[in-house]
Amino acid sequence: MGIVEAREIIKGAKTISVLTGAGISAESGIPTFRGAGGLWGKYRPEELATPSAFARDPELVWRWYNWRRGIIVKANPNPGHIALARAEVSREVIIITQNIDGLHQKAGSKRVIEFHGSIWRVRCIECGCETENMEVPLKKIECECGGLLRPAVVWFGEPIPDQVLQASFEAIGECDVLLVVGTSAVVQPAASLAMLALDMLKKVIEVNLEATPISNVVDISIRGKAGEVLPQIICG
Ligand code: OAD
């Protein structure tokens, strides 16, 4: 339901912004955080994805990220990622992703804002230097300066970097339509981007397997798999 209307709206849009969450990568074999089989069912976020967890036991936190690196390195973009990358051929597309897996870029998307950082970057907690690192597992967790390396991702309790927030607000301001794909829309501030778009009178289309807190307020909410719905609503 809503596929035909969504396709018409997207066809008429010059600029599309897209907020994606773990659900868009589920069909690539990467577990989501919430819901059946979600990562937070098995692990406690405060034991793994917080600065204090890292201070207490960096090896444990790295074991978890190395496990996730092992899954992500084998994953390929699915038809959902590919439909979004192809959409760039005939219009401006800006992707704001909460995912740290790099699959939008692997699919060929050019304008990707990594809202929660990237699992393929590391940052020294002493000197702050940040580098790309694709090792699986990470070979050593010490930086040249002697400080510890951490994943360059946003953890619970940490702010989104200012320039990332700014770029995301601009992406909402610039677009005619915001697609919200595969996110439970409960983690802030990412979820508030959808509300911002509605406040700015943008069309908002949600694609999700299930209802979320924003399903009742968006213009169109489509229940289905991202990999099946996106190729149908984004044509050309
Ligand atoms: P969640 O795991 O919270 O939500 C995944 C959403 O995707 C759910 O609403 C599912 O119904 C939906 N879904 C699952 N499979 C799908 C499919 N094939 N097609 C469409 N939808 C599907 O993931 P996020 O919303 O991304 O943050 O979570 C937000 C943040 O919470 C993450 O970035 C992470 C986590 O804690 C940090 O680590 C900072």
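A quick note: this is a predicted structure, and the numbers were derived from the prediction, not measured. When a residue number appears, it is its place in the shown sequence, counting from 1. Numbering of ligands and ligand atoms starts at 1, following listing order.
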Write down the atom of [X], the atom of [Y], and the distance for their closest heavy-atom approach.
X      : Y      : value
Ala6   : Ile220 : N-CD1, 3.6 Å
Val186 : Pro213 : CG1-CG, 3.9 Å
Val207 : Ala226 : CG1-CA, 4.1 Å

Do [X] and [Y] make a side-chain contact, defined as non-hydrogen atoms from C-beta onward lying under 4.5 Å apart?
X      : Y      : result
Cys175 : Ile16  : no
Val181 : Val18  : yes
Met200 : Ile172 : yes

May I ask you to check whether Phe33 has an N/O atom sitting below 3.5 Å from an N/O atom of ligand 1?
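So ligand 1 has an N or O lying under 3.5 Å from an N or O of Phe33.
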Looking only at distances, can you tell me whether any N or O atom of Gly182, backbone or side chain, sits closer than 3.5 Å to an N or O atom of ligand 1?
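N/O-N/O distance under 3.5 Å: yes.
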For [atom], which protein heavy atom lies nearest, and how many Å away is it?
atom                    : answer
atom 25 (O) of ligand 1 : Thr183 OG1, 2.6 Å
atom 37 (C) of ligand 1 : His116 ND1, 3.9 Å
atom 39 (C) of ligand 1 : Val154 O, 3.1 Å
atom 16 (C) of ligand 1 : Gly23 O, 3.4 Å
atom 12 (C) of ligand 1 : Asn208 OD1, 3.2 Å

Please walk me through it: do Trp155 and Trp64 pass ring-ring contact (aromatic ring centres under 6.0 Å, His included)?
CA-CA 13 Å; Trp155 280 331; Trp64 192 57; 9.5 Å; no
Which segment of [X] sits under 4.0 Å of ligand 1 when only heavy atoms are counted:
X      : result
Trp155 : neither
Leu209 : both
Arg34  : both
Ser184 : both
Trp40  : side chain
Gln98  : both

In terms of atom number and element, which parts of ligand 1 are under 4.0 angstrom from non-hydrogen atoms of [X]?
X      : result
Ala22  : 23 (O), 24 (P), 26 (O)
Glu210 : 11 (O)
Gly224 : 19 (N), 20 (C)
Glu27  : 17 (C), 18 (N), 19 (N)
Ala26  : 15 (N)
Gly21  : 26 (O)

Test item: Ser17 side-chain N/O and Leu178 main-chain N/O as donor-acceptor pair under 3.5 Å
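Answer holds: no.
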Do Phe156 and Ile160 land in one hydrophobic cluster if side-chain heavy atoms of ILVMFWY residues count as linked below 4.5 Å?
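No, because Phe156 and Ile160 fall into different hydrophobic clusters, even though each may have its own neighbours under 4.5 Å.
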Linked, directly or transitively: Val177 and Ile233 (ILVMFWY side chains, under 4.5 Å)
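Yes, it is one cluster - the side chains of Val177 and Ile233 are joined through contacts under 4.5 Å.
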Closer than 4.0 angstrom: is that true for some heavy atom of Gly227 and an atom of ligand 1?
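Contact absent.
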Check this for me: Asp199, atom CG, are more than 12 non-hydrogen atoms of other residues, nucleotides or ligands nearer than 6.0 Å?
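Atom CG in Asp199 is crowded, with more than 12 foreign heavy atoms closer than 6.0 Å.
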Say whether His104 and Thr20, considering side chains only, have a donor N or O and an acceptor N or O under 3.5 Å apart.
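Distance-only check passes for His104 and Thr20.
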